[in-house]
2 protein chains.
Amino acid sequence: MFGAAKLLSYVEDDYGGVKVEMKEAMDSATFVSMLRASISHWREQGKKGVWIKLPIELVNLVEPAVVEGFWYHHAEPKYIMLVYWIPQSAHTIPANASHRVSVGVVVMNEKDELLVVQEKTGTFGGTGVWKFPTGVVDEGEDICAAAVREVKEETGIDAEFMEVLAFRQSHRMFFQKSGLFFVCLAQPLSFDIRKQDSEIEAAQWMPFQEYAKQPYCQKTEVVQYVIEICSAKKNGKYSGFAPVPTTSSFSDQKSYLYLDSHFRRRQ
Amino acid sequence: MFGAAKLLSYVEDDYGGVKVEMKEAMDSATFVSMLRASISHWREQGKKGVWIKLPIELVNLVEPAVVEGFWYHHAEPKYIMLVYWIPQSAHTIPANASHRVSVGVVVMNEKDELLVVQEKTGTFGGTGVWKFPTGVVDEGEDICAAAVREVKEETGIDAEFMEVLAFRQSHRMFFQKSGLFFVCLAQPLSFDIRKQDSEIEAAQWMPFQEYAKQPYCQKTEVVQYVIEICSAKKNGKYSGFAPVPTTSSFSDQKSYLYLDSHFRRRQ
């Protein structure tokens, strides 16, 4: 090799691989020459996986990396993560995030009325179906916080999170990703509805029996289960999962553990 | 406009947007001219979000699309999804899949022994900590199936899934994504351990009390909860969530709903 090319800056990961986070603008010829020199250096060192994170400003380097044998691992609005496997063996690169998480929230008042909405768009837009508030859990958001936020956003009602009543895992939903839908129970703290205009057609407190009688509810197996669960819950015959804050041994971060609410109460 | 450029093929989505799935190779100049003509057509029609799916073979079109104002939505090994928002208003493009899902599996035999492993790599590699089998749920895989698969892969033990004992949601884990970790209970159907060589250092049946006495278990809050849950479970004082197969009203696909196992048994 004539005058060895400079290597890309990298750090080692815990799995025998290396991670490169590109930050400075670079033309593609320089990038390719540094990338080739780096890969042969890492190969000599017995490294396995190579991760390259490219901010969207460096989009000019995506094609050259793919031409060198990299493939896409995942992308977010502001970056793409590319990956390469040096050994001859089959790669053990972990998969990308695979699940979208959403919540549906059962909010019942003292008169046995359920907080329900009609949506303007999406699957239920224009169908006239009354359903409980639902929504996607934001990145980094706790399920219990998302439930309270969605109720507030869609109906203006303040609510206190009680427990997860059940959850459903579905496949090949949004962009072929899987989904985890958590059915939550929350207790209303206010009663005057102020519905959101952009997504919600109407919102009201509806007698539980009237909700359950809708043809949509009658023919949807999961909704039937939720109706039975709500009835059992009212009679104290059902135990969902309640959140307890825990700390990790690896970081100071708080994570909620959700466990049998009857057990939790006995502790 | 001189001789209107051809439009890209597209379909409409349920939210007032359009989706383009590029399949044929194209040079970037042609692509840019078709893209500009298409966007002005969609703007006249009042369309909002524009999705473009580019297979990795068409990586040459990523940079031109970004130059035209698209940004990354998500990527998988074989494609990248780009997105653009036509109106002046703030976009309402839904977020990408946000959670990785993993399982840890409690497998206990009749002698009150727990199935435990020592890992070769990762956080626990070389620490000597005995832990229950854990692993990532594959894309499209059911949580209950993943639990049985991980136990089989790591230890050779056949097991039957019983229930989800608890779950924990953590943030900023793998690549800043969130994680959902499901603690599962499974019943062993075989007893002779044949450990996996690539990832597992050792595997054994260990008396439950001995497992619980490890310093790692003593100082890890979540493990303490799991130990208490297991004790309560042995005494019939704990109810996890058991899976029931359900069908959706929108597709023939089977999805598992996980709900209070005591309630499930009474049904």
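So you know, we letter chains A, B, ... as the sequences are listed, proteins then strands, and number each from 1.
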Would you name the heavy atoms of [X] and [Y] that are closest together and state the gap between them?
| X | Y | answer |
| --- | --- | --- |
| B:Phe263 | A:Lys237 | CD1-O, 4.3 Å |
| B:Gly140 | A:Ser178 | N-OG, 3.5 Å |
| B:Ser98 | A:Val137 | OG-O, 4.3 Å |
| B:His171 | A:Glu141 | CE1-O, 3.2 Å |
| A:Phe241 | B:Val164 | CZ-O, 3.4 Å |
| A:Gln169 | B:Ser255 | O-CB, 3.4 Å |

More than 12 heavy atoms from other groups under 6.0 Å of NZ on B:Lys233: yes
Would you indicate whether A:Lys131, at its atom NZ, is surrounded by more than 12 heavy atoms from other residues, nucleotides or ligands within a distance under 6.0 Å? yes
Any donor-acceptor pair under 3.5 Å linking the side chain of B:Glu63 with the backbone of A:Leu61? no
Can you tell me if B:Tyr238 uses its side chain to pair, donor with acceptor, with the backbone of A:Asp260 under 3.5 Å? yes
Quick check on the interface: out of [options], who has the most heavy-atom pairs with chain A under 4.5 Å?
| options | answer |
| --- | --- |
| B:Thr92, B:Asp14, B:Asn60, B:Val67 | B:Asn60 |
| B:Val223, B:Val244, B:Leu82 | B:Val244 |
| B:Asp142, B:Val66, B:Val101 | B:Asp142 |

So [Y] and [X], do their side chains get closer than 4.5 Å, heavy atoms only?
| X | Y | result |
| --- | --- | --- |
| B:Val62 | A:Val59 | yes |
| B:Tyr258 | A:Val183 | no |
| B:Phe167 | A:Tyr256 | no |
| B:Tyr72 | A:Pro77 | no |

Do you know which of A:Ile229, A:Val83, A:Asp13 has the most heavy-atom pairs under 4.5 Å to chain B? A:Ile229
Greatest number of non-hydrogen atom pairs under 4.5 angstrom with chain B, of A:Val136, A:Ile80, A:Ile93, A:Val222, falls to A:Ile80
Separation of B:Trp71 CH2 from A:Glu76 CD (nearest 0.5 Å): 13.0 Å
Atom OG in B:Ser170, atom CG in A:Leu257: separation rounded to 0.5 Å? 9.5 Å
Select one option (side chain, backbone, both, neither) describing which atoms of A:His99 are under 4.5 Å from chain B's heavy atoms. both
At a 4.5 Å cut-off on heavy atoms, which part of A:Phe70 comes close to chain B: side chain, backbone, both, or neither? backbone
List the steps and the verdict of side-chain hydrogen bond (donor to acceptor under 3.5 Å, both in side chains) for A:Glu221 and B:Thr246. CA-CA 6 Å; A:Glu221 200 179 359; B:Thr246 63; 5.0 Å; no
Which region of B:Pro245, side chain (C-beta onward) or backbone (N, CA, C, O), has a non-hydrogen atom less than 4.5 Å from a non-hydrogen atom of chain A, or is it both or neither? backbone
Does the pair A:Leu180 and B:Ile143 meet the rule for a side chain to side chain contact (heavy atoms under 4.5 Å, CB included), with working shown? CA-CA 10 Å; A:Leu180 272 164; B:Ile143 290 165; 4.0 Å; yes
